[in-house]
Amino acid sequence: MEIAPQYNPKECEKRIYAAWESSGSFSPREGKPGTEPYCIMMPPPNVTGALHLGHAINNTLQDIQIRYHRMLGCKTLWQPGTDHAGIATQAVVEKNIFEKEGKTRHDLGREELVKRIWQWKEQYGGRILRQLRAMGCSCDWDNLRFTLDPVCAKAVRTTFLSMFKAGLIYRGKRLVNWDVKLQTSVSDDEVVYETVKSNLWHLKYQVEGSEEYLEVATTRPETFFGDTAVAVHPEDERYKHLIGKNVILPLVNRAIPIIGDALLVDREFGTGCVKVTPAHDPNDYLCGKRNKLAEINILNPDGTLNEVAGQFAGMDRLKARPLIVKALEESGCLLKTEPYTTQVGHSDRSKTPIEPYLSDQWFVVMADMAEAAMAAVKSGKIQFHPPRFAKSYLDWLSEKRDWPISRQLWWGHRIPIWYVKGVDEDALKSCFGNCDEIAWRRDEDHDQWLLCSSIENFKPEEKLLGADVRQEEDVLDTWFSSALWPHSTLGWPDKNERFETFYPNNVLITNRDIISLWVARMVMTAHFNTHSVPFHNVMIHVTILDGMGKRMSKSKGNGVDPEDIIDQYGADALRFSMTQMSSDTQDMRVPVQYRCPHCATLFPQNEKNMKAETLSCPSCKKTMATRWAAEETQKKEGLAFLTSAKFEIGRNFGNKIWNASRFAMQNLDDKTPLLSLKELKSALEQGNFEPLNADEEWILTRLDETVREVTASIEEYRYHEYANKMYDFMWNEFCDWFLEAIKPVLRSEGKKKASTQAVLACVLQTALRLLHPMMPFETEEIWSNLLKITGGESSLLINAEWPSPSGGWCDARRLAMVMRKYELISLGRSMRSAFNIGPGQKASFILKPESAEMQSFLEGERETLMRFLTAGELTVDKDMVPSGAMPCQVTSDVAIYLKLDGSVDIAAEKAKVEKQQKEIAAYIQTLEKKLGNESFTAHAPQEVIEKEKAKLAEAKDKLQKLSELSAMLSKA
RNA sequence: GGGCGUUUAGCUCAGUUGGUUAGAGCGCUACCCUUACAAGGUAGAAGUCACUGGUUCGAGUCCAGUAACGCCCACCA
């Protein structure tokens, strides 16, 4: 069978993924006896978004757990899905429609806009699913969920109704973060603060009936139309006497009171006087509540000033600002203007400045649910990995601020509330009285009923004839449906087998930035709906940063498409590199480069070129488009894609595995059994094979340890350890030593050959199983080749059993001798190099072991030693006495001499030996000092003392040999 | 302002309950296309473990403080 000398991911990835899918391997299947079901919910990405490397690491780590548990034999479910992402999606579609057709959502109307967004979803919603498949994610695609689909919608309505019945849902006027562009409120979490250079305007408010005036400062002068008081500190001697009097607002000549408020006013700041605008500032709002002040709204929903602003009514508040300042100045009420740098909240979605705005909103009462969610973590029912992330979760929940859930959008779950006027309660009772799915409550303030129902397409107006019935226009915050994800996707509230099997989920794997937005809310709703935790573990992984240390994100422009990496390096390379990066301490910097489509030159992405539409290649000077290019014509020049050298390690490792396997398979045949570690062990015990040689004992022992360590690493979410252990085992132990060591046996035709083939096949197939969760495509490809060559029945590695160690291959003494052999080879090679003996040139070595046991071991290993050392001659002589000066290296129980034809520079050799002597003498000194210290021997554990003693003995042996060598060189 | 984290080789990062003569990959130097692999092999150079103090027989590892950087939360008119 011909196997290519390089692994080609493109050739096999699609084919293998199709094979997995068509075999039904992604669907949960009956678990083996003694195993528990295992389930992970994929954090649902925004349906119209594109995944970047942050998602790639997230999904790689999930897939590793899923594949590992599948191999353990668990009934395994990875639930995939996407999120409708209310604001983000609607904003994108609205913008697109406006650009193409010049129409706003109000021109289109609700029904049409929602229809358009669904179309958009159908058109672009496939991209992330493609990306996930390209990455090799083994999710249960047959049960793909979407937060707006009927299953999730039912869960949303049911939850809302239960909360309504429990009195946890209320409607109230609140100051919300108003996005004037999208004309919706956004939650605190969706507001980002940006530093803005502005002014601080000092205004003069004349005290009524007095010559005195108060000086107040503001960054938003237009809000003075909404002022309903001026606050001073009640203990402030400067102003105490004015409390209770009024000041006259300039231009509008409205009198407002001077009040004392110790909470709002910081005496040290500015003038110590604060204008109070309850309807447009969060702190002022609270102050207004405390002092029962009027709330005057100055804005229209679109951000223009309303009639309160008199001559400025109808103007955008930002455009009106300079005019208002001018008017104030002309009226003599502007005292001064000073430059001021301030933090202004911006909408994360539309990037426009947020206006605090008073409006009617729906809220969920958090107190009890937050308490329960905190208890779930405090009691250990939910564990964070690493544990420190529990703190940010608990801190956020402890604030227990009510959750504003209404959004003035059209894309989302419409709030299942109907306002009913003109009927009495008897009418409601007679229409809906015996229905569990309907509840109502009186809203005295508006002389109406609030009717809530979980019934799909509920049409109360059809029953309540003659009444004034109107459904709430607002939709629910996206996080409301995401919060239900762990149970809604499993079909809750309907009783079903899937829910019973997989709920609670085992682990949630996510990034830390949504611990409060999402994780906390899932725990709360899970408790409310199911009286259970949604999952037992929360694994928080590293954040991917760009080369400048900034978080990778789509909007920043530094996001790298996983498919770009896969295109260049392959999915397994991406996955391996991601896994290896995934330690739990540091975030991972991934320096990003552009790749020129014309000449393949790589050049770094930086602040300057990050958002450029086109770039010119620093090498060939040709133009290329970036993915920011607005015009398709620009892209015809060629599209630069983003890449990062970080993934070369994965590709190189993949190629190494490929070639090691290729070599192995070239040396196996259809008589070679594919045994597990335990099967091999028992076959050996039954005498079915020749006894193991030292290298075989060593590699099997190492493999056993690797199985143990790697299993623990995955179980405990130490992914980078998993990657590194596999890397070391495959590259440094399996390839560099073992494969080299067994080459002669494989080329021979002796009795031993079949045994060595069996060992090789066992090690290879075990390693493939261990690697599979991390590098599924390549291992699957090699697996199928391996089965063909050894004549095994065809099967998929994805469903193979996870290895378990066997143990008892050889004792520690034997292992130490093998390691000594490798050490001697390294030392010998070092000498070759030091004396400029070329790679092809044969050299002569003499080994001088201390013991007869070592002598006989090394005799037995003569062939390997000679080959690894490219030796033409090798003597093992316990009683050897060096004839004249010879280069030498020592270990504690064997010395290795290099025989040279020409003369040796005795002085140079002596200097080398003396340098080593010095080093080792210093080392011995520190060890002796340590061991001679009574406190050490008294305090340190016995184990450590023994280890130090062994080190000392070994160092002394080594020094002894160096001294002999030195003495000999002096005589020469 | 509050919280969390980071600082180890030129770069990106490991370093498990303190027991290290401090590791890896990339990059660098020298030699090698040797019949699995040049996406490779062999040998090598390279670090005052941010700084200061403390605890300890012993500190990269624990404690306190300082500095720089990053993230989250809150936000002063």
Side-chain angles (χ1 to χ4, degrees), chain A residues 3 5-7 188-189 193 200 216-220 231 264-266 268-277 281-284 340 342-343 345 388-389 391-392 395-396 399 512-513 515-516 543 545 547 549-551 569 573 577 580-581 583 585-591 645-646 648-649 651-667 716 718 720-721 724 727-728 732 735-736 739-740 743 747 826 829-834 836-840 868 870 919-920 922-923 926-927 929-941 943-945 947-948 951 955:
Chain A
I3 297 171
Q6 283 194 346
Y7 171 54
D188 290 347
D189 312 298
Y193 286 86
L200 195 57
V216 295
T218 179
T219 53
R220 293 181 298 157
L264 182 67
V265 183
D266 172 3
E268 310 301 317
F269 189 91
T271 59
C273 303
V274 185
K275 62 192 274 302
V276 185
T277 324
D281 181 277
N283 290 308
D284 293 4
Y340 192 70
T342 182
Q343 298 283 97
R388 69 186 134 90
F389 289 109
K391 187 167 165 47
S392 44
D395 285 352
W396 186 82
E399 293 185 24
R512 63 168 176 272
D513 57 352
I515 289 175
S516 49
T543 301
L545 311 175
K550 298 273 179 266
R551 193 166 93 86
Y569 297 113
S577 304
Q580 204 212 18
M581 286 179 200
S583 71
T585 48
Q586 302 209 64
D587 287 338
M588 176 57 58
R589 269 180 202 234
V590 180
K646 275 272 165 190
E648 280 173 14
I649 185 171
R651 178 200 56 184
N652 294 355
F653 183 44
N655 200 47
K656 191 73 181 177
I657 295 169
W658 181 258
N659 276 291
S661 309
R662 177 174 181 246
F663 168 77
M665 289 188 281
Q666 285 166 348
N667 288 284
E716 289 153 36
R718 294 193 305 264
H720 69 290
E721 206 177 273
N724 286 328
Y727 187 91
D728 284 343
N732 303 330
C735 292
D736 288 353
L739 289 186
E740 292 305 324
K743 276 179 180 174
R747 283 183 200 131
S826 287
R829 282 169 168 174
S830 243
M831 282 193 285
R832 288 180 58 101
S833 176
N836 291 319
I837 300 171
F868 274 87
T870 324
E919 282 167 6
I920 200 123
Y923 182 45
T926 63
L927 287 172
K929 199 174 149 199
K930 191 186 265 190
L931 284 161
N933 188 328
E934 277 176 30
S935 308
F936 173 71
T937 44
H939 290 94
E943 209 182 283
V944 172
I945 296 173
K947 233 166 109 183
E948 296 298 304
K951 278 193 219 163

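We name chains A, B, ... by the order of the sequence lines, and we start the count at 1 in each one. Side chains included, hydrogens not; waters and symmetry mates left out as well; all remaining heavy atoms used.
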Asker: Check every strand shown and say whether E716(A) touches a base, only sugar-phosphate, or nothing at a heavy-atom separation below 4.0 Å.
Answerer: nothing

Asker: Given that both distances must come in under 3.5 Å, which nucleotide forms a Watson-Crick or G-U wobble pair with G5(B)?
Answerer: C69(B)

Asker: Can you confirm whether K743(A) is buried at NZ, in the sense that more than 12 heavy atoms of other residues, nucleotides or ligands lie under 6.0 Å from that atom?
Answerer: yes

Asker: Checking all strands, does Q6(A) fall into the base, sugar-phosphate, or nothing category for heavy-atom contacts under 4.0 angstrom?
Answerer: base

Asker: Ring-on-base stacking between H939(A) and U56(B), under 5.5 Å between centres and under 30° between planes: is it there?
Answerer: no

Asker: Assign D728(A) to base, sugar-phosphate, or nothing according to its heavy-atom contacts below 4.0 angstrom with the strands shown.
Answerer: nothing

Asker: Would you indicate whether the side-chain heavy atoms of S392(A) and R512(A) approach each other to under 4.5 Å?
Answerer: no

Asker: In the strands shown, is G10(B) matched to any nucleotide by a Watson-Crick or G-U wobble pair with both distances under 3.5 Å, and which?
Answerer: C26(B)

Asker: Strictly below 4.0 Å: does N283(A) bring a side-chain N or O up to OP1 or OP2 of A77(B)?
Answerer: no

Asker: What does C31(B) pair with, Watson-Crick or G-U, if both distances are under 3.5 Å?
Answerer: G41(B)

Asker: Rounded to whole Å, please give me the gap between CD in E934(A) and C1' in G58(B).
Answerer: 16 Å

Asker: C1' atom, G25(B) versus A46(B): distance in rounded Å?
Answerer: 15 Å

Asker: Between C51(B) and C32(B), how far apart are the two P atoms, rounded to whole Å?
Answerer: 42 Å

Asker: Reckon K929(A) touches a base, only the sugar-phosphate, or nothing at all at heavy-atom distances under 4.0 Å?
Answerer: nothing

Asker: Taking any heavy-atom pair under 4.0 Å as a contact, classify A217(A): base, sugar-phosphate, or nothing.
Answerer: sugar-phosphate

Asker: Taking atom types as they are modelled, would you say the side chain of K656(A) forms a donor-acceptor pair with the base of C37(B) within the 3.5 Å cutoff?
Answerer: yes

Asker: Taking any strand in view, what nucleotide pairs with G60(B) in a Watson-Crick or G-U wobble way, both distances under 3.5 Å?
Answerer: none

Asker: When you compare the side chain of L739(A) with that of F663(A), does any pair of heavy atoms fall below 4.5 Å?
Answerer: yes

Asker: Looking only at the side chain of R747(A) (C-beta and beyond, no hydrogens), which of the listed nucleotides A36(B), C76(B), C57(B) gets closest?
Answerer: A36(B)

Asker: Which part of the nucleic acid does F389(A) contact within heavy-atom distance under 4.0 Å: base, sugar-phosphate only, or nothing?
Answerer: nothing

Asker: Output the distance between atom CG (N652(A)) and atom OH (Y727(A)), rounded to the nearest 0.5 Å.
Answerer: 7.0 Å

Asker: Mind checking who A46(B) pairs with, Watson-Crick or G-U wobble, both distances under 3.5 Å?
Answerer: none

Asker: So do the side chains of V276(A) and L264(A) get within less than 4.5 Å of each other, counting heavy atoms only?
Answerer: yes

Asker: Which base, if any, makes a Watson-Crick or G-U wobble pair with U16(B), both distances under 3.5 Å?
Answerer: none

Asker: Expressed as a whole number of Å, how far does the P atom of C76(B) sit from that of C4(B)?
Answerer: 24 Å

Asker: Looking at N659(A), I'd like to know whether one of its side-chain N or O atoms comes within less than 4.0 Å of OP1 or OP2 on A39(B).
Answerer: no

